[in-house]
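A short write-up of the structure that comes next.
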Amino acid sequence: MNLKSIPSDERVDFNYKTIDKGHHKVHYRGVLAQRSPFDYVIYQMIISEVMPDLIIEIGTNFGGGALYMADLLNNLNNGVVHSIDITDNCPEIVKSHPRINLFHKGFEGYSLELVRPFNKILVIEDASHTYEDTLGAITKFKDVVTKNSYLIVEDGIVDKLGASKLFNGGPCKAIREFLPDNPDFIVDRKWCDFFGKNATNNVNGFLKRIA
Ligand SMILES: C[S@@+](CC[C@H](N)C(=O)[O-])C[C@H]1O[C@@H](n2cnc3c(N)ncnc32)[C@H](O)[C@@H]1O
């Protein structure tokens with residue numbers, strides 16, 4: 001079919017930049033929850049596959065992501081979210097959720113003793129996205145990730161968006177340095193490439209613990 005014959009309002013035209021622009025506006029139950037649409041779908045599949053009894057989210061912001069995951073856990077009738085930030089921006093709907101615990105002393109101030117009662121732990125790093133903080137956080141939390149669960153490193157997409165300098169190399173640089181020293185983790189291409197090669201904000205960021 002000749003392209004010119006397609007009416008202009010039926011044109012399909014989007015890419016990672018338009019998706020990035022849209023993801024900044026996403027709300028969940030009225031709370032800002034900036035995550036790519038691909039990652040919402042991938043997260044719910046990972047959560048129902050792993051069935052974690054603890055999700056540690058590093059970087060809460062307004063808590064929309066924590067709320068989304070806590071509701072997913074509620075549907076599965078299992079698990080809680082520990083969400084960690086350096087600020088306290090969350091509305092009541094997040095603060096009062098029975099499956100969400102909020103911590104405000106940064107990833108640096110979170111005591112790993114708190115994970116002791118849990119058996120299946122999933123960790124999501126979604127804080128400042130600087131290379132240093134990303135590597136610092138994943139290095140601190142790697143050992144609490146249980147076998148066959150995930151250490152998800154958010155927002156390596158900053159490279160593709162031309163912004164990695166702002167983050168001193170950003171999450172992808174941190175992942176590149178982390179992996180050779182941590183053979184217990186592999187990049188799970190099943191999720192990174194689910195919708196196309198790294199069609200996610202978490203470029204090479206779905207790290208599966210295999211041992
Ligand atoms: C991208 S936002 C998190 C978005 C959130 N996960 C969501 O789904 O809506 C990044 C957050 O990381 C927080 N942050 C920055 N440095 C941090 C640190 N050292 N420890 C924990 N959180 C930090 C910022 O305050 C900010 O709220």
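Everything numeric here is computed off the predicted structure, so don't read it as measured data. Position 1 is the first residue of the sequence; numbering continues from there. First listed ligand is number 1; within each ligand, the first listed atom is number 1.
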**Report entry** Asn182 side chain to Asp184 backbone, donor-acceptor under 3.5 Å
**Finding:** no

**Report entry** Protein residue, atom and distance nearest to atom 20 (N) of ligand 1, heavy-atom basis
**Finding:** Phe107 N, 3.0 Å

Report task. Mark up the atoms of ligand 1 that fall under 4.0 Å of a heavy atom belonging to Ile84, in ascending order. Result -> 21 (C), 22 (N)

Query - Nearest-neighbour protein heavy atom for atom 27 (O) of ligand 1, which is reported as residue plus atom name and distance - result: Asp85 OD2, 2.7 Å

Query raised in the report: Any side-chain heavy-atom pair from Ile93 and Leu67 closer than 4.5 angstrom?
Result: yes

Report task. Check each atom of ligand 1 against the heavy atoms of Gly65 and keep those under 4.0 Å away; list them by number with element. Result -> 7 (C), 8 (O), 9 (O)

Report summary line: Note: ligand 1 atoms sitting under 4.0 Å from heavy atoms of Thr60 are 5 (C), 7 (C), 9 (O)

Requested in this report: Report yes if the side chains of Asp39 and Phe206 come closer than 4.5 Å at any heavy-atom pair, otherwise no.
Outcome: yes

Query raised in the report: Mind checking whether Gly59 has an N or O less than 3.5 Å away from an N or O of ligand 1?
Result: yes

Report task. Report yes if Asp126 has an N/O atom closer than 3.5 Å to an N/O atom of ligand 1; otherwise report no. Result -> yes

Query raised in the report: For Lys160, does the NZ atom sit with more than 12 other heavy atoms under 6.0 Å from it, leaving out its own atoms?
Result: no

Query raised in the report: So Asp88 and Lys95, salt bridge (Lys or Arg N to Asp or Glu O under 4.0 Å) or not? Walk me through it.
Result: CA-CA 10 Å; Asp88 183 5; Lys95 287 183 172 164; 3.5 Å; yes

**Report entry** NZ or CZ of Arg35 within 45° of Tyr43 ring axis and under 6.0 Å
**Finding:** yes

Query - Aromatic plane relationship, His82 with Phe118 - under 30° parallel, 30 to 60° tilted, over 60° perpendicular - result: perpendicular

**Report entry** Proximal ligand 1 atoms for Gly106, defined as those under 4.0 Å from one of its heavy atoms
**Finding:** 20 (N), 21 (C)

Query raised in the report: What is the ring orientation for Tyr28 with Tyr68, classed by angle as parallel under 30°, tilted 30 to 60°, or perpendicular over 60°?
Result: perpendicular

Query raised in the report: Is there a nitrogen or oxygen of His129 sitting under 3.5 Å from a nitrogen or oxygen of ligand 1?
Result: no

Query raised in the report: Would one find an N or O of Glu57, backbone or side chain, under 3.5 Å from an N or O of ligand 1?
Result: yes

Report task. May I ask you to check whether Gly63 has an N/O atom sitting below 3.5 Å from an N/O atom of ligand 1? Result -> no

